[in-house]
Amino acid sequence: MKNSVLVTGGAGFIGSHTAVELINAGFDVIIVDNFSNSDMAAVEGVRTITGADVPFEKADCNSREELEKIFKKYKFDSVIHFAASKAVGESVEKPLMYYRNNVGSFVNILELMNKHGVSNMVFSSSATVYGQPDVLPATEQTPRKPATSPYGNTKQICEDILRDSVAACEGMKGIALRYFNPIGAHPSALIGELPKGVPNNLVPFITQTAAGIRKELSVFGDDYNTPDGSCLRDYIDVVDLAKAHVVAVRRMIENKGKAKYEIFNIGTGVPVSVLELVNTFQKVNNVKVPYKIVGRRQGDVEAVWADTKLANTELGWKAERSLDETLAAAWSWEKRVRNIK
């Protein structure tokens, strides 16, 4: 029997790429999404890339009733939970919405997993939980800092909920993947990052500026204690990131884990500055990105990147795609979406 995986938020940026990699690895996939920050085109993209007639259910993970129907309709042994709101600034303005959506939906899923005997959970966490680490690179043992936003706090809370649930429930296993900065698009250019409204993430803002949709990019601060004064981040290709989820699910199915609950950093281990990323994008794609330096943005940390040794050795996963390949794919996706020749 094929192993089946329920992917919540599966029409989103990371969810859609993960659905593709799961299917390519021989898994059956059921996609659930409410299209709050995505649309049906992503599901169709997954179907086109894989040639699989992937089942899709439009449902809100905040609705236990809607979720219950899905748990009754399909048989699956694993869940990858992406469904969450993710804009840091919006979370500061609307904290209750974030706690209800991100924490409430996760509790619903875990309760229904218990009820229906579903064993394995991969949780979409974030390097946000580290804040500004005292020592870099960040390892999985790096202490979590108090969150600087409700969004970051929901990631910490959900990690703790998963840890406690796995400890309490016999037969249940959980893995939290702490992503660094996911960027790029599928090489087919059929799926990618298409945020609704003004992008919160750097690369979509770069691609939209290059496409003429945005007048210019704002680089927040050039006076940090870094080689060129701009913030340092660890940019991970979304396809590499998606493959980490496949490995994590397989690890739980095959009982390879050292513990019932595990955490892994998913990044490249290579710090890249904001200005370096902009310049690399321009060079790789032979396109101009007008930008200006503005003041620092509240809540931004100066530098954070991953120590990936644990994921490399324990999961047997490592980032493979180069920054050039990733930024070329991001631009190919933007051009296809905007009909730019």
Side-chain angles (χ1 to χ4, degrees), residues 5-23 29-50 54-63 66-67 70 78-88 90-91 97-98 101-106 108-109 121-128 151 154-155 158 176-186 188-205 207-208 236-246 248-249 266 326 329-330 333-334 337:
V5 184
L6 181 74
V7 181
T8 69
F13 175 42
I14 304 168
S16 58
H17 287 80
T18 299
V20 166
E21 296 307 320
L22 285 164
I23 294 161
V29 168
I30 305 105
I31 292 176
V32 174
D33 208 296
N34 67 352
F35 295 148
S36 61
N37 195 32
S38 58
D39 58 42
M40 194 63 197
V43 180
E44 296 300 346
V46 171
R47 290 171 175 167
T48 303
I49 292 165
T50 61
V54 185
F56 169 74
E57 298 286 339
K58 188 174 182 190
D60 189 331
C61 294
N62 267 307
S63 166
E66 289 176 27
L67 276 181
I70 293 164
S78 306
V79 177
I80 302 180
H81 185 59
F82 294 107
S85 303
K86 65 184 183 85
V88 170
E90 183 183 55
S91 78
M97 182 183 100
Y98 270 68
N101 195 39
N102 294 8
V103 180
S105 66
F106 193 49
N108 281 342
I109 295 270
M121 163 60 78
V122 179
F123 174 61
S124 163
S125 193
S126 167
T128 305
Y151 162 74
T154 66
K155 291 299 183 187
C158 287
L177 297 181
R178 289 176 177 166
Y179 316 156
F180 280 68
N181 292 71
I183 61 169
H186 194 267
S188 66
L190 289 169
I191 54 175
E193 189 170 11
L194 190 65
K196 293 187 176 178
V198 179
N200 287 293
N201 293 340
L202 177 59
V203 169
F205 213 111
T207 58
Q208 289 187 17
I236 171 78
D237 187 287
V238 67
V239 176
D240 283 337
L241 174 58
K243 288 176 179 175
H245 293 78
V246 178
V249 167
I266 305 297
T326 302
W333 156 253
E334 188 73 43
V337 171

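Everything numeric in this text was worked out from a predicted model, so none of it was measured.
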Can you confirm whether K86 sits close enough to N201 that some side-chain heavy atom of one is under 4.5 Å from a side-chain heavy atom of the other? yes

E90 side, atom CD; S85 side, atom OG - distance, nearest 0.5 Å: 6.0 Å

Measure from the side-chain N and O atoms of K196 to the backbone N and O of S38, and report whether any donor-acceptor pair falls under 3.5 Å. yes

Can you tell me how far OG1 of T326 sits from CD1 of I183, rounded to the nearest 0.5 angstrom? 5.5 Å

Test side-chain contact (heavy atoms from CB on, under 4.5 Å) on H186 and W333 and set out the steps. CA-CA 8 Å; H186 194 267; W333 156 253; over 6 Å; no

Name the orientation class of the two ring planes belonging to H81 and F106 (parallel below 30°, tilted from 30 to 60°, perpendicular beyond 60°). parallel

Ignoring hydrogens and angles, tell me if any N or O in the side chain of E193 forms a donor-acceptor pair with the backbone of P204 under 3.5 Å. no

S188 and side chain to side chain contact (heavy atoms under 4.5 Å, CB included): which partner among T48, V20, I49? I49

Please find the pair of heavy atoms, one from P182 and one from F13, that lie closest to each other, and give the distance. O-CE2, 3.8 Å

Approximate separation, where rounding is to 0.5 Å, of M121 CE and T8 OG1: 7.0 Å

Using the rule given for side-chain hydrogen bond (donor to acceptor under 3.5 Å, both in side chains), can you reason through S124 versus Y179, listing the C-alpha separation, both sets of side-chain angles and the distance that settles it, and then say yes or no? CA-CA 8 Å; S124 163; Y179 316 156; 3.1 Å; yes

Ignoring hydrogens, what is the shortest heavy-atom contact between N200 and A87? Give both atom names and the distance. ND2-CB, 3.4 Å

Value rounded to 0.5 Å, distance of CD in E57 from CD1 in I30: 9.0 Å

Verdict with supporting geometry, L177 and H245, side-chain contact (heavy atoms from CB on, under 4.5 Å): CA-CA 8 Å; L177 297 181; H245 293 78; 3.7 Å; yes

Supply the atom-to-atom distance N181 CG to I266 CD1, rounded to the nearest 0.5 angstrom. 13.5 Å

Is it the case that the ring center of H17 lies less than 6.0 angstrom away from the ring center of F82? no

Where C61 and A83 come nearest, the two heavy atoms and their spacing: SG-CB, 4.0 Å

How long is the span from the CD1 atom in I31 to the CD1 atom in I80, to the nearest 0.5 Å? 11.0 Å

Quick check: closest heavy atoms across V54 and T50, and the distance to 0.1 Å? CG2-OG1, 4.4 Å

Output, in order, the C-alpha distance, side-chain angles, deciding distance and verdict of side-chain contact (heavy atoms from CB on, under 4.5 Å) for V122 and T18. CA-CA 12 Å; V122 179; T18 299; over 6 Å; no

Answer whether the closest heavy-atom distance between the side chains of V43 and S16 falls below 4.5 Å. no

Which atom of D33 lies closest to which atom of G12, heavy atoms considered: OD2-N, 3.5 Å

Kindly give the heavy-atom pair with the smallest separation between F205 and V198, and that separation in Å. CE1-CG1, 3.7 Å

Under a 3.5 Å threshold, yes or no: a donor from one side chain and an acceptor from the other, between N62 and N108? no

Between Y151 and N102 (side chain of the first, backbone of the second, donor and acceptor by atom type, cut-off under 3.5 Å), is there such a pair? no

